[in-house]
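Residue numbers begin at 1 in each chain, while the letters A, B, ... track the order of the sequences.
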Protein chains: 2
Amino acid sequence: MGKRIDDLMLEKSHKHVTCETCGALKDSLFCSLTGDELTSVDSNKSCSYFKKDQPLFIEGSLPRGVFCINEGKVKIYSRGEDGKEQIIHVATTGEIVGFRAMFSGEAYGVAANTLEESNICFIGKGDFLNMVDTNVNLRNGILRELSKELADRASFIKNMAQKSVRERLASSLLILDDIYAEDFINLSREDLANFVGTATETLIRLLKDFKDEGLVKTHVRKIEVLDKEGLIQLAGS
Amino acid sequence: MGKRIDDLMLEKSHKHVTCETCGALKDSLFCSLTGDELTSVDSNKSCSYFKKDQPLFIEGSLPRGVFCINEGKVKIYSRGEDGKEQIIHVATTGEIVGFRAMFSGEAYGVAANTLEESNICFIGKGDFLNMVDTNVNLRNGILRELSKELADRASFIKNMAQKSVRERLASSLLILDDIYAEDFINLSREDLANFVGTATETLIRLLKDFKDEGLVKTHVRKIEVLDKEGLIQLAGS
DNA sequence: TATTAAGTATGATCTAAGTCATTTTTTACC
DNA sequence: GGTAAAAAATGACTTAGATCATACTTAATA
């Protein structure tokens with residue numbers, strides 16, 4: 001008899017990712033933590049393996065801590081009345097997810113799911129808030145991060161209100177190309193549509209246009225950006 | 001010969017609004033400041049009278065401090081390629097405006113203009129950051145505020161992507177009705193359209209429908225909300 | 001490797017909402 | 001108080017993009 005799924009997950013989760021050796025550390029908000037602090041985080045965190053499309057947290061639940069992405073991708077989204085998702089952000093290696101609701105004391109206004117297999121650590125609310133309170137660099141990093149995101153979302157709103165779907169697709173592909181770095185963009189057509197803010201059918205049609213125009217190339221579901229400059233032109237400001 | 005405009009402004013600006021007696025204090029992030037801290041803010045701030053549609057700061061400029069609204073309304077907006085404004089937020093009495101860019105160290109990604117005659121105090125960057133560093137309550141208040149706004153903007157994005165203009169107008173009117181509290185909503189049709197994210201003509205047409213349906217009543221440019229419940233129904237989630 | 005399900009693609013149709021042109025009303029200012 | 005300018009309103013027209021129906025392809029699982 002084969003192993004149970006739980007066993008497999010446990011096995012993978014026991015990769016023993018320690019903060020000290022975490023490849024994502026230097027890109028993360030935790031980069032300013034002292035050796036002692038890191039050791040303390042290490043002993044208070046739990047690291048787990050997530051399969052594709054598993055929830056980290058759901059809309060309306062109360063935050064119990066933060067998630068630190070060691071490896072993988074996570075979509076942050078909110079669901080409309082009709083159930084349609086709007087993806088607000090795609091988080092990647094090194095990012096800390098879910099600390100916003102931590103400060104507001106409110107329930108999550110968004111949900112988070114893995115987009116692919118991921119290794120993600122969890123740090124409890126108390127430990128995290130304690131660190132923020134005592135570590136000036138971490139705190140300033142968070143203030144900076146929150147502010148930057150606020151600016152990002154302002155321009156997201158403007159794009160939604162003023163740009164055509166075609167323009168938004170171009171600018172979305174550029175954003176995703178950065179996030180997926182050396183990999184091809186790897187999102188379902190539906191997720192991509194939910195990021196751009198359009199119907200899946202419309203997205204597919206426009207993506208075909210982009211292919212015909214030599215802007216992108218598709219490898220089944222994966223999308224390769226061929227002409228970054230062209231997309232920039234198309235995306236406008 | 002009558003007084004020059006500068007004199008009049010000076011006169012009004014010399015209302016001597018002190019933080020201790022500021023009516024907006026209790027609603028503001030500064031409510032947690034100690035007596036000493038307030039005195040220090042007081043001696044380091046400048047308070048000025050702004051006419052209608054004057055800029056507090058413009059997109060792309062570097063922040064030199066924060067603005068505290070003693071009396072009045074301020075629109076926070078961003079301009080698209082074609083010059084069309086997208087209004088992100090309408091700030092009112094008690095709100096502190098412009099502290100987001102302060103933490104990110106970047107230039108303003110948005111602009112701010114008065115929507116009506118306003119009394120607004122200015123606190124320099126150094127003084128403000130200093131207070132944030134030393135006052136735990138203020139700091140936590142700011143973290144909470146930033147987080148809440150982030151959540152607001154996520155739902156703003158979702159609304160833009162998924163709701164019809166009619167639904168967005170309903171929800172915008174509800175938001176504005178809260179902001180204008182006991183007053184009627186007092187925005188130009190163009191500003192309202194730029195808040196809803198639609199063309200001015202479309203806004204005017206829909207507003208007329210709302211009038212016909214008994215949801216609102218207009219007093220020339222001002223808008224009175226008659227049927228809050230009806231608007232809530234219409235706005236959806 | 002068959003079978004099913006999920007995801008991707010395409011076609012046909014409809015309408016919400018944008019654009020441009022013009023008129024009416026309100027506001028600002030000599 | 002009269003005139004000019006700005007804001008609001010209405011009409012006619014056009015189209016981007018949503019929706020629904022259906023076909024095709026890739027992935028999953030027995």
Side-chain angles (χ1 to χ4, degrees), chain A residues 1-2 5 8 51-53 80-86 115-117 159-170 172 184-212 216-223 234 236, chain B residues 1-2 5 8 51-53 80-86 115-117 158-170 172 184-212 216-224 234 236:
Chain A
M1 180 192 169
I5 285 176
L8 282 167
K51 282 184 295 184
K52 192 175 164 173
D53 199 30
E81 273 181 296
D82 53 356
K84 190 174 166 66
E85 296 177 4
Q86 176 60 44
L115 282 166
E116 53 190 57
E117 301 196 348
N159 285 350
M160 280 299 180
Q162 303 190 348
K163 286 189 177 176
S164 67
V165 176
R166 191 175 154 83
E167 289 170 311
R168 263 148 49 204
L169 174 57
S172 297
F184 294 153
I185 296 168
N186 188 10
L187 281 176
S188 71
R189 298 291 185 260
E190 190 180 357
D191 277 336
L192 184 52
N194 291 342
F195 187 58
V196 173
T198 188
T200 308
E201 297 94 322
T202 304
L203 177 110
I204 289 169
R205 277 181 251 267
L206 285 172
L207 203 58
K208 197 197 167 196
D209 292 348
F210 280 23
K211 277 190 271 183
D212 294 346
V216 300
K217 188 177 174 183
T218 57
H219 305 266
V220 194
R221 93 188 294 233
K222 295 183 182 178
I223 301 167
L234 228 162
Chain B
M1 180 191 170
I5 285 176
L8 283 167
K51 281 184 295 187
K52 192 174 165 173
D53 200 30
E81 274 181 295
D82 53 356
K84 190 173 166 66
E85 295 177 5
Q86 176 61 43
L115 283 166
E116 53 190 57
E117 301 197 348
K158 188 179 61 181
N159 286 350
M160 280 298 181
Q162 303 190 348
K163 287 189 176 176
S164 66
V165 176
R166 191 176 154 82
E167 290 170 309
R168 263 147 50 202
L169 175 56
S172 297
F184 294 153
I185 296 168
N186 188 10
L187 282 176
S188 72
R189 298 291 183 261
E190 191 180 356
D191 277 335
L192 184 52
N194 290 343
F195 186 59
V196 174
T198 188
T200 309
E201 298 93 321
T202 303
L203 177 111
I204 288 169
R205 278 181 250 265
L206 285 172
L207 203 58
K208 198 198 167 196
D209 293 347
F210 280 23
K211 277 190 272 183
D212 294 346
V216 300
K217 187 176 175 185
T218 56
H219 305 266
V220 196
R221 90 186 300 229
K222 294 183 183 179
I223 301 167
E224 177 182 7
L234 228 162

A.B. asks: Are there over 12 heavy-atom neighbours, none belonging to B:E167, within less than 6.0 Å of that residue's CD?
C.D. replies: yes
A.B. asks: Roughly how many Å is it from CD in A:E116 to P in D:dA27, rounded to a whole number?
C.D. replies: 16 Å
A.B. asks: Within this structure, what is the CG-CZ distance for the pair B:L203 and B:R166, rounded to the nearest 0.5 Å?
C.D. replies: 12.5 Å
A.B. asks: Take atom CG of A:D209 and atom P of C:dA9, then tell me their distance rounded to the nearest Å.
C.D. replies: 12 Å
A.B. asks: Identify the heavy atoms of A:F184 and A:K222 that sit nearest to each other, and give their distance.
C.D. replies: CB-CB, 3.9 Å
A.B. asks: Would you check if B:E224 and B:V216 make a side-chain contact, meaning some heavy-atom pair closer than 4.5 Å?
C.D. replies: no
A.B. asks: If you define the side chain from C-beta out and look only at heavy atoms, does anything of B:L115 sit under 4.5 Å from B:D53?
C.D. replies: no
A.B. asks: What is the distance from CG of A:D212 to C1' of C:dA9, rounded to the nearest Å?
C.D. replies: 13 Å
A.B. asks: Give the rounded distance in Å between these two atoms: CD1 of A:I223 and C1' of C:dT8.
C.D. replies: 12 Å
A.B. asks: How close or far is atom P of D:dA28 from atom NZ of A:K52, stated in whole angstroms?
C.D. replies: 7 Å
A.B. asks: For the residue pair B:L169 and B:T198, establish whether any side-chain heavy-atom pair is separated by less than 4.5 Å.
C.D. replies: no
A.B. asks: What is the distance from CE of B:M160 to P of C:dA17, rounded to the nearest Å?
C.D. replies: 12 Å
A.B. asks: Could you run down nucleotides 6-19 of chain D 5' to 3' and tag each one B, S or - for protein heavy-atom contact under 4.0 Å?
C.D. replies: --SBBBB----SSB
A.B. asks: Can you measure A:Q162 atom CD to C:dT19 atom P for me and round it to whole angstrom units?
C.D. replies: 10 Å
